[in-house]
Number of protein chains: 2
Amino acid sequence: MRIGELAERTGVDVETVRYYEKLLLLPPPAREANGYRTYGKTHLERLAFVRHCRALDMPLADVTRLLNFVDQPASDCADINVLVDAQISRVKARLKSMRALEKQLTALRRQCSSPHPTQDCGILHELVSAAHGEACACHAGHSTISPDTVAELL
Amino acid sequence: MRIGELAERTGVDVETVRYYEKLLLLPPPAREANGYRTYGKTHLERLAFVRHCRALDMPLADVTRLLNFVDQPASDCADINVLVDAQISRVKARLKSMRALEKQLTALRRQCSSPHPTQDCGILHELVSAAHGEACACHAGHSTISPDTVAELL
DNA sequence: CTTGACTCTGTAGCGACTACAGGGTTTCTA
DNA sequence: TAGAAACCCTGTAGTCGCTACAGAGTCAAG
């Protein structure tokens, strides 16, 4: 099959397929006489594997490492667990800071309901007050928002 | 104050300060005879404002727009609400997909507890099975993980 | 025989930084 | 007072995972 069909069957953009090939995530395909790429079943599977990992938000570098494991069935899989665990803790950390973020934003949003002139806008006042080092509604509660959490967001 | 002090007092990297200046988020500072940047209180406040917005994960383009509001106190603030609401819905959407992601990853992780040879690793089996279009533990439950959610992650 | 869809290579852009390279200046210490 | 460390300057390139071209060639249908 050609690149367009491969792309469609995996739900991947054509450009992305070529991009993966450049990063060696996909082995170089055979070429037709006119230079068009030709793919087989193995490419289809490998690409689906990559997309599945990406759906789990794994970095492509990790996917590369996983593909190495796939290619070496006799090796020990302990490092796979390490890799997945790292991914899980990344996601957990991000989730924690996102939850804090949501609280901060909704607290901020409450500062202004109806349209005012900008100079009276509670939201802008809150944001500006931070510039003066004052307390602000969105970053007030230390129980919910630790400095670490904020640092994580940056 | 010089750039190093400004950076330290706001918790921003020196390079980031120069970067913000290039993007016109900070007005060009005065220069000493030797070319060193000199900052005053207004820069400090503006930079703190920017960082506060960034801590709320707002894109710099939105921060620019907010700064325009700050500079025009008489304008109407309705657009500020629109901007904050958009940010809130972005965060909510991301949060939703992150929660699904966490479930998927922990389901995946359960497939392998102790070290095996790679060919017997449950995790890798799960990931490979996706390549065959089969059901997999991590992306099984349609009640928790909609195609939309997965698409969001990509 | 033309139109449109597909393919090719190569490069540049996104966002928000971060990390140099290769210089000059200031400040601290011995 | 010399030299080292720490600061500052400009400019460019790298990060991540794509995405979007530009400019060209190829192919199938009407």
Side-chain angles (χ1 to χ4, degrees), chain A residues 1-26 28-39 43 47 50-67 86-87 90-91 94 97 101 150-154, chain B residues 1-26 28-39 43 47 50-67 86-87 90-91 94 97 101 150-154:
Chain A
M1 97 198 80
R2 307 225 267 229
I3 198 168
E5 190 185 343
L6 179 70
E8 195 177 5
R9 284 172 67 172
T10 49
V12 176
D13 196 287
V14 167
E15 317 253 24
T16 305
V17 176
R18 286 196 280 254
Y19 172 70
Y20 285 169
E21 181 185 333
K22 202 164 59 187
L23 296 193
L24 307 177
L25 282 160
L26 290 177
R31 298 285 183 145
E32 294 176 22
N34 54 18
Y36 287 16
R37 291 172 176 81
T38 312
Y39 296 96
H43 288 100
L47 183 52
V50 173
R51 293 313 281 185
H52 195 70
C53 293
R54 290 292 303 130
L56 296 169
D57 217 19
M58 289 185 195
L60 290 180
D62 282 12
V63 179
T64 304
R65 293 176 58 200
L66 284 176
L67 284 169
Q87 176 64 7
R90 270 198 300 271
V91 169
R94 183 84 184 129
S97 64
L101 186 52
V150 173
E152 259 172 45
L153 291 170
L154 299 178
Chain B
M1 95 198 82
R2 307 226 266 231
I3 198 169
E5 189 185 342
L6 179 71
E8 196 176 6
R9 284 172 68 173
T10 48
V12 176
D13 197 286
V14 167
E15 316 254 25
T16 305
V17 176
R18 287 196 280 251
Y19 172 70
Y20 285 169
E21 181 184 332
K22 202 164 58 186
L23 296 194
L24 306 177
L25 281 159
L26 290 176
R31 298 285 185 147
E32 295 175 22
N34 55 19
Y36 286 17
R37 288 171 178 81
T38 311
Y39 295 96
H43 288 98
L47 184 51
V50 172
R51 291 314 279 184
H52 195 70
C53 293
R54 289 292 302 129
L56 296 169
D57 217 17
M58 288 183 194
L60 290 180
D62 282 12
V63 179
T64 304
R65 293 176 57 200
L66 284 176
L67 284 168
Q87 175 66 4
R90 270 198 299 273
V91 168
R94 182 85 185 129
S97 65
L101 185 52
V150 174
E152 261 175 42
L153 291 169
L154 300 178

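Proteins get letters first, then strands, A, B, ... in listed order; numbering begins at 1 in each.
The 5' end of DNA chain D is approached more closely, in terms of each residue's nearest nucleotide, by B:Lys22 than by the other of B:Lys22 and A:Glu15. Each of B:Leu60 and A:Val14 has a nearest nucleotide on DNA chain C; the 5'-most of these lies closest to A:Val14. Nearest-nucleotide mapping onto DNA chain D: of A:Met58 and B:Thr38, the residue sitting toward the 5' end is B:Thr38.
For the pair A:Arg18 CZ and D:dC18 C1', the interatomic distance rounds to 13 Å; values are reported in whole Å. Distance CG (A:Asn34) to C1' (D:dC27): 9 Å, rounded to an integer number of Å. Distance, A:Glu32 CD to C:dC6 C1': 11 Å, rounded to whole Å. Remark: C1' of D:dT26 and CD1 of A:Ile3 are 15 Å apart, rounded to the nearest angstrom. At whole-Å resolution of the value, CG in B:Leu23 and P in C:dA16 are 9 Å apart. In this entry the distance linking CG of B:Leu6 with P of D:dC7 reads 15 Å, nearest Å. Taking atom CG of A:Leu47 as the reference point, atom P of D:dG17 lies 15 Å away to the nearest angstrom. As rounded to whole Å, 12 Å separates atom P of C:dC17 from atom CG of B:Leu26.
Applying the 4.0 Å criterion to OP1 and OP2 of D:dT26, one finds that A:Arg31 has every side-chain N and O outside that range. Of the side-chain N and O atoms in B:Thr16, none sit less than 4.0 angstrom from OP1 or OP2 of C:dA16. At the phosphate of C:dT9, OP1 or OP2 sits under 4.0 Å from a side-chain N or O atom of A:Arg37. For D:dG17, the OP1/OP2 oxygens have no side-chain nitrogen or oxygen of A:Arg51 closer than 4.0 Å. Proximity of B:Arg2 to the phosphate of D:dC7: no side-chain N or O atom is located under 4.0 Å from OP1 or OP2.
Interface remark: the A:Tyr20 side chain does not form any donor-acceptor pair with the D:dG17 base, using a distance-only criterion of under 3.5 Å.
Distances were taken from every side-chain heavy atom of A:Tyr36 (C-beta onward) to each of C:dC8, D:dC18, C:dA16; the shortest belongs to C:dC8. Taking every side-chain heavy atom of A:Arg54 into account, D:dG17 is the closest of C:dT9, D:dG17, D:dC9. Picking from D:dT10, D:dT19, C:dT18 the nucleotide with the shortest atom distance to the side chain of A:Tyr19 gives D:dT19.
Checked for salt-bridge contact, A:Glu21 and A:Arg37 meet the test: a charged N lies under 4.0 Å from a carboxylate O.
A:Leu66 contributes atom CG, which lies 11.5 Å from atom CG of A:Leu60 (distance to the nearest 0.5 angstrom).
With no hydrogens or angles considered, no side-chain donor-acceptor pair links A:Arg54 and A:Tyr20 at under 3.5 Å. No side-chain N or O of B:Tyr39 forms a donor-acceptor pair with one of B:Arg9 less than 3.5 Å apart.
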Evaluate side chain to side chain contact (heavy atoms under 4.5 Å, CB included) for A:Ile3 paired with A:Tyr36, printing each intermediate quantity in order.
CA-CA 8 Å; A:Ile3 198 168; A:Tyr36 287 16; over 6 Å; no
